Amino acid sequence: MLDSGFAAGAAEWQGLPAIRLALPGGDSALVALQGAQVLSWVADGAEQLFLSPLAAHDGHTPIRGGIPLCFPQFNQRGPLVKHGFARTLAWQARAEEARTDGDGLRLTLRLEDSAATRAVWPHAFAAELEVWLQPGALTVQLSVHNPGDAPLAFTAALHSYLRVDDVATTALSGFDGLRYWDAVEDTHPQQQGALAFGAELDRVYPRPAQPMVIHAAGVERLRIAQDPAWADTVVWNPGPQLCARLADMPADGYRHMLCVEAAAIDAPVMLAPQGRWHAAQRLERLPRSAHTAKETP
């Protein structure tokens with residue numbers, strides 16, 4: 001039984017099963033059972049995630065947008081399908097299992113190995129993805145357990161698509177002084193100041209010690225933090241040319257999204273038999289009062 005004003009219920013997105021969470025103050029989240037994928041996060045009266053209007057919804061194709069989970073492989077760094085199989089499989093969860101925690105709601109989704117997963121990745125595993133919705137904040141945590149008798153290695157990421165008004169007037173701070181891999185140019189320069197966007201950008205940074213901040217037209221809008229177990233941070237925007245070639249994105253979709261991904265990819269996670277691993281990414285919408293104070297001369 002949920003406390004008064006809290007709600008969790010079965011829902012649908014484009015015909016796919018989902019669970020909707022809602023808080024007394026109006027914040028909400030929509031989580032698809034396919035991939036345990038957060039598709040919507042409304043805070044401060046506005047949508048905070050980008051979901052492509054052309055996203056696939058056939059139940060087995062990856063959904064473009066929200067917070068896809070890459071597991072047990074990131075991108076094409078291994079023999080599996082790009083970004084692994086977890087984002088296309090049905091996870092297990094029931095709306096009535098959602099529980100209150102202080103001022104928020106928690107929902108846990110589960111995925112275990114099966115004959116289908118073992119056919120392409122011969123390992124036993126148990127994964128949980130926990131979504132914690134609080135006023136003005138969303139925390140997503142991946143947990144992995146190795147129930148087998150052999151070591152387990154994997155890479156993973158929370159491929160968060162964050163909504164922005166216009167990427168051309170968006171900046172991302174928090175990486176100053178860090179050396180990164182530029183996947184577009186295949187170079188390893190050092191970051192100077194905040195990131196700006198326009199052309200295609202695809203970079204892998206070491207996790208910064210301090211939270212990252214998205215700025216819109218010079219104003220702080222969203223704070224992003226990730227646990228140390230996410231050793232890497234991927235920043236991606238396809239830019240106009242690549243975006244135009246993506247069948248599941250509108251041609252101007254790149255203008256309204258920015259991926260800031262909590263990742264463990266440069267060094268695979270190694271789990272001993274019976275070992276456990278967990279790591280979270282926290283997104284925090286800065287309140288309108290803070291925006292107003294910063295915008296006032």
Side-chain angles (χ1 to χ4, degrees), residues 35-38 66-80 82-87 111 121 123 125-132 137-146 150-162 172-195 201-214 222-237 258-284:
Q37 188 161 336
V38 181
I67 308 180
L69 169 63
C70 306
F71 175 84
Q73 175 184 298
F74 179 78
N75 207 329
Q76 294 170 308
R77 300 185 179 200
L80 300 178
K82 183 178 181 180
H83 287 320
F85 50 71
R87 64 178 180 160
L111 180 71
W121 195 58
H123 301 286
F125 73 90
E128 291 188 345
L129 189 122
E130 184 179 74
V131 178
W132 185 17
L138 181 74
T139 303
V140 178
Q141 176 176 278
L142 173 65
S143 302
V144 181
H145 171 51
N146 176 11
L152 177 68
F154 63 88
T155 55
L158 298 174
H159 200 307
S160 304
Y161 285 74
L162 306 176
L172 177 64
S173 64
F175 299 99
D176 190 35
L178 297 181
R179 193 166 296 278
Y180 62 91
W181 177 48
D182 185 326
V184 177
E185 301 293 337
D186 194 17
T187 58
H188 292 81
Q190 187 176 45
Q191 181 65 39
Q192 303 294 328
L195 283 75
L201 185 143
D202 189 356
R203 299 177 180 179
V204 181
Y205 291 86
R207 182 193 71 91
Q210 70 281 1
M212 299 149 277
V213 177
I214 289 181
L222 189 74
R223 183 177 293 116
I224 307 160
Q226 64 192 61
D227 288 346
W230 293 119
D232 311 297
T233 303
V234 179
V235 183
W236 180 68
N237 181 278
L258 177 62
C259 286
V260 183
E261 310 168 34
I265 55 177
D266 277 349
V269 176
M270 298 295 297
L271 270 185
Q274 305 305 317
R276 298 179 183 272
W277 177 93
H278 58 84
Q281 181 189 57
R282 180 175 175 81
L283 308 174
E284 184 179 357

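No experiment lies behind these values; they were computed from the predicted model shown.
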Worksheet item: Which heavy atom in Ala157 sits nearest to a heavy atom in Ala263, and how many Å separate them?
Response: CB-CB, 3.8 Å
Worksheet item: Donor-acceptor pair, Gln73 side chain versus Asn75 backbone, under 3.5 Å?
Response: yes
Worksheet item: Below 4.5 Å, heavy atoms only, C-beta onward: do Val235 and Leu258 meet side chain to side chain?
Response: yes
Fill in: Within-4.5 Å side-chain heavy-atom neighbours: Phe85 and Pro72
yes
Worksheet item: Counting only N and O atoms by type, is there a donor-acceptor contact under 3.5 Å from the side chain of Glu261 to the main-chain atoms of Trp236?
Response: no
Worksheet item: Is there side-chain contact between Val144 and Phe71, with at least one heavy-atom pair below 4.5 Å?
Response: yes
Discussion item. Donor-acceptor pair, distance only, cut-off 3.5 Å: does the side chain of Trp230 make one with the backbone of Ala279?
Written reply: yes
Worksheet entry | Straight-line distance of Asp182 CG to Leu201 CG, nearest 0.5 Å | 7.0 Å
Discussion item. With a 3.5 Å distance limit and no angle check, can you tell me whether Gln191 reaches the backbone of Gly193 through a side-chain donor-acceptor pair?
Written reply: yes
Practice prompt. Starting at CG of Leu283, measure out to OG1 of Thr139 and round the result to the nearest 0.5 Å.
Written response: 7.5 Å
Worksheet item: So, Arg179 side chain and His188 main chain: donor-acceptor pair closer than 3.5 Å or not?
Response: yes
Practice prompt. Start with the C-alpha gap between His145 and Gln274, add the side-chain angles, then the distance that decides, and say whether side-chain contact (heavy atoms from CB on, under 4.5 Å) holds.
Written response: CA-CA 7 Å; His145 171 51; Gln274 305 305 317; 3.8 Å; yes
Worksheet item: Side-chain contact, heavy-atom cut-off 4.5 Å: Glu128 with His278?
Response: no
Worksheet entry | side-chain contact (heavy atoms from CB on, under 4.5 Å) assessment of Ile67 paired with Val131 | CA-CA 11 Å; Ile67 308 180; Val131 178; over 6 Å; no
Worksheet item: Is the backbone N or O of Leu69 less than 3.5 Å from a side-chain atom of His159, with the two atoms forming a donor-acceptor pair by type?
Response: no
Discussion item. Show the nearest heavy-atom pair for residues Pro268 and Thr155, with the distance to one decimal.
Written reply: CA-CG2, 3.9 Å
Fill in: Backbone of Ile224 reached by a side-chain donor or acceptor of Gln281 within 3.5 Å
no
Practice prompt. Keeping to residues at least two apart or across chains, list the salt bridge (Lys or Arg N to Asp or Glu O under 4.0 Å) pairs with something in residues 268-278.
Written response: none
Fill in: Verdict with reasoning, Phe154 to Trp121, per side-chain contact (heavy atoms from CB on, under 4.5 Å)
CA-CA 10 Å; Phe154 63 88; Trp121 195 58; 4.3 Å; yes
Worksheet item: Closest approach of Gly177 and Gln190, non-hydrogen atoms and distance?
Response: O-NE2, 2.9 Å
Worksheet item: How long is the span from the CG atom in Leu142 to the CG atom in Leu111, to the nearest 0.5 Å?
Response: 10.0 Å
Practice prompt. Nearest 0.5 Å please: distance from the CD atom of Gln192 over to the CG atom of Leu178.
Written response: 10.5 Å
Practice prompt. Please say which of Asp232, Val260, Val234, Leu195 ends up in a side-chain contact (heavy atoms from CB on, under 4.5 Å) with Tyr205.
Written response: Leu195
Worksheet item: From Leu162 CG over to Ile214 CD1, what is the distance, rounded to the nearest 0.5 angstrom?
Response: 4.5 Å
Fill in: Closest non-hydrogen atom pair between Arg223 and Pro211, with its separation
CG-CB, 3.6 Å
Item to complete: Any chance you could lay out the side-chain contact (heavy atoms from CB on, under 4.5 Å) test for Phe74 and His83, step after step, and finish with the verdict?
Response: CA-CA 4 Å; Phe74 179 78; His83 287 320; 3.7 Å; yes
Worksheet entry | Modelled atom types, side-chain donor and acceptor of Arg207 and Thr233, under 3.5 Å | no
Response to the item:
Given the options Leu152, Asn146, Leu271, His123 meets side-chain contact (heavy atoms from CB on, under 4.5 Å) only with Leu152
Fill in: Gap separating the CG atom of Leu172 from the CZ atom of Arg203, nearest 0.5 angstrom
10.0 Å
